[in-house]
Amino acid sequence: MPKTKRFQKISLTQTKKKGLGGKQQLVEDIRSCVEKYSYLYLFSVQNMRSNKLKSIRNEWKDSRFFLGKNRVIAIALGRTKESESRENLHEVSKRLKGQCGIVFTDKPKSEVIRYFQKHVESDYARSGNVATETVTLQPGPLEQFPFNMEPYLRQLGLPTSLQRGVVTLLKEHTVCKEGSILTPEEARLLKLLCKHMAEFRVTIEAVWEKEDGAFEDIGNGRMLEKEDDANESADDENME
């Protein structure tokens with residue numbers, strides 16, 4: 001009887017290496033943007049949400065965002081003064097750590113920083129986030145939940161039962177305490193209760209200018225404190 005060809009073991013050495021072409025294209029795209037745009041901004045992201053970042057990209061269609069793959073971005077810009085594609089780009093590479101990215105644009109510094117300072121959105125916390133308040137539920141009917149959710153609520157730790165077809169909390173229950181690290185169950189309960197405990201925020205950390213190769217470590221938008229009121233008013237008009 002012939003051997004079946006199903007579930008045959010395949011040596012990983014026989015598979016083709018994936019991703020190299022994509023990384024090379026990313027390097028080329030970044031180096032092309034270095035020559036095309038006037039500014040490069042390094043930004044960090046708190047409580048990353050793909051849909052919210054996508055909406056920002058849609059508003060900034062005349063700019064180019066690169067997020068993730070910090071090592072590849074660093075290679076494209078140049079990790080050292082000797083390997084950088086333009087003067088002082090290695091300063092950006094040194095700061096590519098954690099949840100961060102870069103954006104190429106022709107928008108001036110004050111406009112970019114002010115936009116992101118104002119662009120803060122509340123959202124549901126995830127497991128691992130810190131609770132910003134104590135949430136306690138009192139015993140009684142939880143009429144916001146349909147009856148078929150009762151088993152799921154018990155799985156999440158709520159002491160509930162069905163009483164005449166209504167989900168009912170049997171005793172007082174603290175969902176989370178302020179300052180504590182949220183568990184997956186607590187995060188799911190807070191979402192079901194429509195409690196926001198996180199903020200999606202993009203912070204400009206540094207800026208590089210193509211014209212003279214100037215690099216400035218901004219960090220949390222401190223540069224705006226140096227501007228006068230007249231410049232701030234003019235920038236607000238431009239944003240509109």
Closest heavy-atom contact between [X] and [Y]?
X: Tyr37; Y: Asp62; result: CE2-O, 3.3 Å
X: Lys69; Y: Leu26; result: CD-CD2, 4.0 Å
X: Asn148; Y: Pro151; result: O-CD, 3.6 Å
X: Val166; Y: Pro141; result: CG1-CB, 4.0 Å
X: Glu172; Y: Thr136; result: CG-CG2, 3.6 Å
X: Cys100; Y: Leu67; result: O-CD1, 2.9 Å

Co-membership, hydrophobic cluster, residues [X] and [Y], 4.5 Å side-chain:
X: Ile30; Y: Phe43; result: no
X: Val92; Y: Phe65; result: no
X: Val34; Y: Val207; result: no
X: Tyr152; Y: Val175; result: yes
X: Phe66; Y: Val45; result: no

Partners passing ring-ring contact (aromatic ring centres under 6.0 Å, His included) against Tyr39 (at least two apart in sequence or in another chain):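 Checked Tyr39 against ring-ring contact (aromatic ring centres under 6.0 Å, His included); matches are Tyr41.
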Selection residues 30-39 - residue pairs positive for salt bridge (charged side-chain N to carboxylate O under 4.0 Å, His left out), sequence neighbours left out: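 For residues 30-39: Glu35-Arg86.
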Salt bridge (charged side-chain N to carboxylate O under 4.0 Å, His left out) contacts touching residues 151-161 (sequence neighbours left out): Glu150-Arg154
Donor-acceptor pair, side chain of Ser32 and main chain of Glu28, under 3.5 angstrom: no
Polar side-chain atom of Trp208 near backbone of His90 as donor-acceptor pair, under 3.5 Å: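 No: the side chain of Trp208 does not pair with the backbone of His90.
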No-hydrogen, no-angle side-chain donor-acceptor test under 3.5 Å, Glu84 and Asn88: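 No pair is found: no donor N or O on one side chain lies under 3.5 Å from an acceptor on the other.
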Donor-acceptor pair between Glu205 and Ser44 side chains, under 3.5 angstrom: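 The criterion, which ignores hydrogens and geometry beyond distance, is satisfied for Ser44 and Glu205.
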Option from Val167, Thr160, Leu192, Leu142 for which side chain to side chain contact (heavy atoms under 4.5 Å, CB included) with Met149 holds: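 That would be Leu192.
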Residue among Thr203, Ile102, Ile204 satisfying side chain to side chain contact (heavy atoms under 4.5 Å, CB included) with Leu42: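 Running side chain to side chain contact (heavy atoms under 4.5 Å, CB included) over Thr203, Ile102, Ile204 with Leu42 returns exactly one hit, Ile102.
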Test log, rule side-chain contact (heavy atoms from CB on, under 4.5 Å), inputs Val27 and Lys23: CA-CA 6 Å; Val27 169; Lys23 292 177 182 178; 5.7 Å; no
Under the side chain to side chain donor-acceptor pair (under 3.5 Å) test, residues paired with Gln46 that sit two or more places apart: none
Residue list, side chain to side chain donor-acceptor pair (under 3.5 Å) with Arg95, at least two apart or on another chain: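 So Arg95 forms a side chain to side chain donor-acceptor pair (under 3.5 Å) with Glu91, Asp217.
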Quick one: pull up [atom1] in [X] and [atom2] in [Y] and give me the separation to the nearest 0.5 Å.
X: Leu77; Y: Cys33; atom1: CG; atom2: SG; value: 10.5 Å
X: Leu158; Y: Leu170; atom1: CG; atom2: CG; value: 10.0 Å
X: Leu40; Y: Lys210; atom1: CG; atom2: NZ; value: 11.5 Å
X: Leu153; Y: Leu189; atom1: CG; atom2: CG; value: 7.0 Å

Test log, rule salt bridge (Lys or Arg N to Asp or Glu O under 4.0 Å), inputs Lys109 and Glu209: CA-CA 10 Å; Lys109 289 182 285 189; Glu209 297 183 47; 3.3 Å; yes
Partners of [X] by side chain to side chain contact (heavy atoms under 4.5 Å, CB included), sequence neighbours excluded?
X: Glu185; answer: Leu156, Thr183, Arg188
X: Ser63; answer: Trp60, Val103, Thr105, Lys107
X: Ser55; answer: none
X: Ala125; answer: Asn129, Leu182, Met197, Ala198

Qualifying ring pair (Phe, Tyr, Trp, His ring centres under 6.0 Å) pairs, either residue in residues 169-198, two or more places apart: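 Matches after skipping sequence neighbours: Tyr124-His196.
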Ring pair (Phe, Tyr, Trp, His ring centres under 6.0 Å) partners of residues 128-151, not counting sequence neighbours, each pair once: none
Mark yes when over 12 heavy atoms from residues, nucleotides or ligands other than [X] sit less than 6.0 Å from its [atom1]; otherwise mark no.
X: Lys81; atom1: NZ; answer: yes
X: Lys195; atom1: NZ; answer: no
X: Gln144; atom1: CD; answer: yes

Stepwise side-chain contact (heavy atoms from CB on, under 4.5 Å) check, Ile73 with Ser93: CA-CA 7 Å; Ile73 295 175; Ser93 297; over 6 Å; no
Side chain proximity check, Ser38 to Phe104, heavy atoms < 4.5 angstrom: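 No, side chains not in contact.
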Side chain proximity check, Thr134 to Cys176, heavy atoms < 4.5 angstrom: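 Result no, sub-4.5 Å side-chain heavy-atom pair not found.
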side-chain contact (heavy atoms from CB on, under 4.5 Å) between Ile113 and Ile218, worked out: CA-CA 9 Å; Ile113 296 170; Ile218 296 171; 3.6 Å; yes
Evaluation steps, side-chain contact (heavy atoms from CB on, under 4.5 Å), between Phe215 and Leu89: CA-CA 8 Å; Phe215 173 83; Leu89 278 178; over 6 Å; no
Counterpart residues, salt bridge (Lys or Arg N to Asp or Glu O under 4.0 Å), relative to Glu199 (two or more places apart):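 Expected list: Arg201.
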